[in-house]
Structures are given as C-alpha cells and as structure tokens.
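Accompanying notes for the structure given below.
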Amino acid sequence: MAEKKKMSLTMKILLGLVLGLITGVLINTFFKGNEVVDTWLVKGIFELGGGIFLNLLKMLVVPLVTFSLIVGVCGIGDIAALGRIGIKSFLLYVLTTAIAITTAIGLAMLIGPGQGFDMQSSKAAEFTAKEAPPITEVFINIVPSNPVATFANGDMLGIIFYAIMVGIALLIIGKAVKPVVQAAEMLNEVAMKLVDMVMSVAHIGVFCLIAKTFAEQGIELILPMASYFFTVLGALGIHFFVTILVILFVLTRFNPLTFLRKMRSAQAFAFSTASSGATIPITLQCVTERLGVKNSVASFTVPLGATINMDGTAIMQGVATVFIANVYGIELGVGGYITVIGMAVLASIGTAGVPGVGLIMLAMVLNQVGLPLEGIGLILGVDRLLDMCRTAVNITGDAMVSTVVAKGEGKIDTDIYNDPYAGDIDFDEELDISDEDEEEFARVVDDPLVKK
Ligand code: ASP
C-alpha cells in the first residue's frame, strides 16, 4: 500500500469547505454591507470561482452518464440482470424515501415545531409555487421523443432510457458493433479523466461556493425558524447515521464507517453545490473507485438515484408539513399524514435533483392535503442551508442503494471497499502527460495522411 505523504484529495476538499465556511461567516458578521467586500469578494471572486466550478461539474454530467451507461449495459451482457438491477434499485429508492419521510413526520410530531409560532412577527417571504408536472407526464417523458433535445436539455431520465436502449441494441447486434462498444469504452475513460481534471481544482471551487453562500446567508435567519431548522437537521441526522448505515450493514455486512469515510468528498460536493445532479460525476467516482462497485451497476443506479431518490428532500417535506400544519392550527390526522408520505415519494420521483426543487415538491404535497401554500414563505429563508444538508443525504442514499444492489448481484470488489486509499487521486501521477504520448500524438497529427 502506498505511503501517503501528500494531503489526500478528500482532505483538501474538506479543508476548502471548512475555510469557506469560516470566511463566509466572518464576512457576514463583520463586513455585512461593506461595498468593497461585497463587490470584489462575494459577488466578484467567490461568485466567479463558484460559478465556473459549478459549470465545470455540470459539463461532465451528460457525456459521463451516457458513455458509462452504454458501457455498463454492455458490461452486464445480460438483459435479465439489467431488469433485476432496475427493479431492485427502484424498490430500494422508494422504500428508503418512505422511511425517511416517516422518520421526519414522527420526529416532528414529537418535537412539535411551529407550535405557538407568532405569525404576526414573522416576516414570511412571498412564495409563488411553480407548477409541478403531473405524474403521468413524468412517465411519458421518460421516453424521449427527440433524443437530441433530451441530451441538449440534460433530461436525466430520458438520457438514461436512451443510453440503455442503445446499449441493448449493441448487445443484440453483437460482434459486428464491437468497435462501437470499444469506442464508448474509450470515451468513457476520457469522461472519467475529465472528472479527475475538474477534481484537481475542487478545493478552490468548494471554498468559493461555500464562502459566498455563508457570506450572504446570515445565521440570524435561523433564529425565528430554529425549531423547524433543527427538527429537519435532527431527522436528516437520524436518516444519515442510523437508517442508511443500518440498511447498508444488514443487507451487505460491510463496515458502515468505511462507507461514510469514502463518501466524504461526494458529500462535500453535494453540500457545496446543493445539487445531486451536478454531483453525479463525483458520486459515480466515489462509488466505483472508492467503494468498488462495478461500473455496470453504478452507471445505472447513481444517475437514477440522483434523479428519483431524495431521502433528504422527503425529510424536509415531512417536517415542513407538520410545521405548517402547526403554525396554521390545522389538524391533518393519520389519513392526512399517509397521503403526505405517498405524495412525497411520488414527488421525489417526479422532480429532478437541482437546487431548491424540494420546495416545488413541497407545494405539491401541501396542495394535496389542503395546507396553505403561503406556509412555504415561512421556511424559505432557511431553505438554502437545509438544501445543502439534504442534498448530501440524498447522494449518500444513492450510494448506499448502489452498494446494496451491487452486493446482491456480486458486482462489487470488496478489496477496493476495504482499502482505505483506493481511488483517492494522486494528481501528480494521474494528470501527468507522458513525453512519449506527447510525441506520439504530435506525430499522428502531423502525419499528412491523417491531415487529409
Ligand atoms: N437540491 C436537492 C438535490 O439536488 C433537491 C432539493 O431538495 O431541493 O438533491
């Protein structure tokens, strides 16, 4: 095992996160309203660094998911196994979301956030609910009528569907299209290398994103909402440290702490970006290279999970529903809460993993049980911070299900899972351009035959 002299990638990212947090809070406390700091630092350097980094991440998603899925489907080589993986992961995703929201409602009923809440003194922000798509439309749209548009829009479910169909077609044709499969394999490797390249600046990007968010979001926002805020955090904590780890242990017998440790960099990304979708490349890398799940499973379960599995978001909805019901003095009753659980599960399937989307889903849930949508205005102020936390929980759930499904299918390398250093990138080595390759490419490109 190589001795680690340099700081590991995960440590660098976590350091970026902590320094960003401290910087942001200091700016918010001591330099609030200072125009120079605001213009040059928060809306200048931090916004620039964070924005570029976020786009770099998003840039990776579509090609990576496409090629790794095509390679994954061909790698499974057995359509029945593909169906089994699909059904198992779907059921686990639905089950974990249902457990998450039940935990949240239970804890919220115990703590009772919002009881005795003073509506008059609260400064509820205006919230206009965006339309959530009807569930039938969600299912129809999984099948892309125009794949080019689907890819251009980054519609994850459509992309997954199309890539799987292409993979199956390649399998059916067989030998004649072997070069296409090989090309997809090579392009997948290029896509993974791009992830490494973006990761090499991740600590700077994470620092900028976090510093900007905390410089703008005052901690004082939390105070009037403390009961709601900490109930959500509590339920997220239970799901993160208990439910996910217990399910992982019971179904795989793997060490849950190793799992948590190896997911840290992806969690830091999810926390900084508040987007499961933008974090897909990193989740995929952690799950395959650090946890040892084979690409044939992870290429399917990770993007699918980022799109339909939102345990953390469901938790926020559970607590928010109880909170809003308490604030407005409305009794929901058992039937009401069962409806909430069902709706939240459906909503998490129907909405994509992007920042703030949880609130749109919440509007759907509130509508269904007849709670006032204005209630969302109350929790808007603290939503950004909670969004960061719940996104980290969301992607951890995706990784857990990927590990469980891979274990069941015999598609996990336990040596990699147990090796503490597996997959931690050493950039000097990984991003080195060899002289030999440089010369070779220069020669190929210079070749008049190639130029023609
Ligand atoms: N930001 C969350 C995610 O991407 C969704 C949400 O809760 O708004 O997973």
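First listed ligand is number 1; within each ligand, the first listed atom is number 1.
- A cation-pi arrangement is present between R253 and F249, with the terminal nitrogen or guanidinium carbon under 6.0 Å from the aromatic centre and inside a 45° cone about the axis.
- Within the listing of ligand 1, atoms 4 (O) sit less than 4.0 angstrom from a heavy atom of S275.
- Which parts of ligand 1 touch S276 is read off a 4.0 Å heavy-atom cut-off, strictly below it: atoms 3 (C), 4 (O), 9 (O).
- Aromatic rings of F229 and F323 (six-membered ring for Trp) have centroids beyond the 6.0 Å cut-off, not under it.
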Set out, in order, the CA-CA distance, both residues' side-chain angles and the distance that settles salt bridge (charged side-chain N to carboxylate O under 4.0 Å, His left out) for E216 and K212, then state yes or no.
CA-CA 6 Å; E216 287 173 347; K212 177 171 179 284; 3.5 Å; yes
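- Below 4.0 Å from some heavy atom of G358 lie the following atoms of ligand 1, by number and element: 6 (C), 7 (O), 8 (O).
- Under 4.0 angstrom from ligand 1, there are no non-hydrogen atoms of M361.
- Residue A274 places at least one N or O, backbone or side chain, under 3.5 Å from an N or O of ligand 1.
- The aromatic rings of F151 and Y162 lie perpendicular to each other, with more than 60° between the two planes, well past the 30° mark.
- Less than 6.0 angstrom separates the ring centroid of F46 from the ring centroid of F207.
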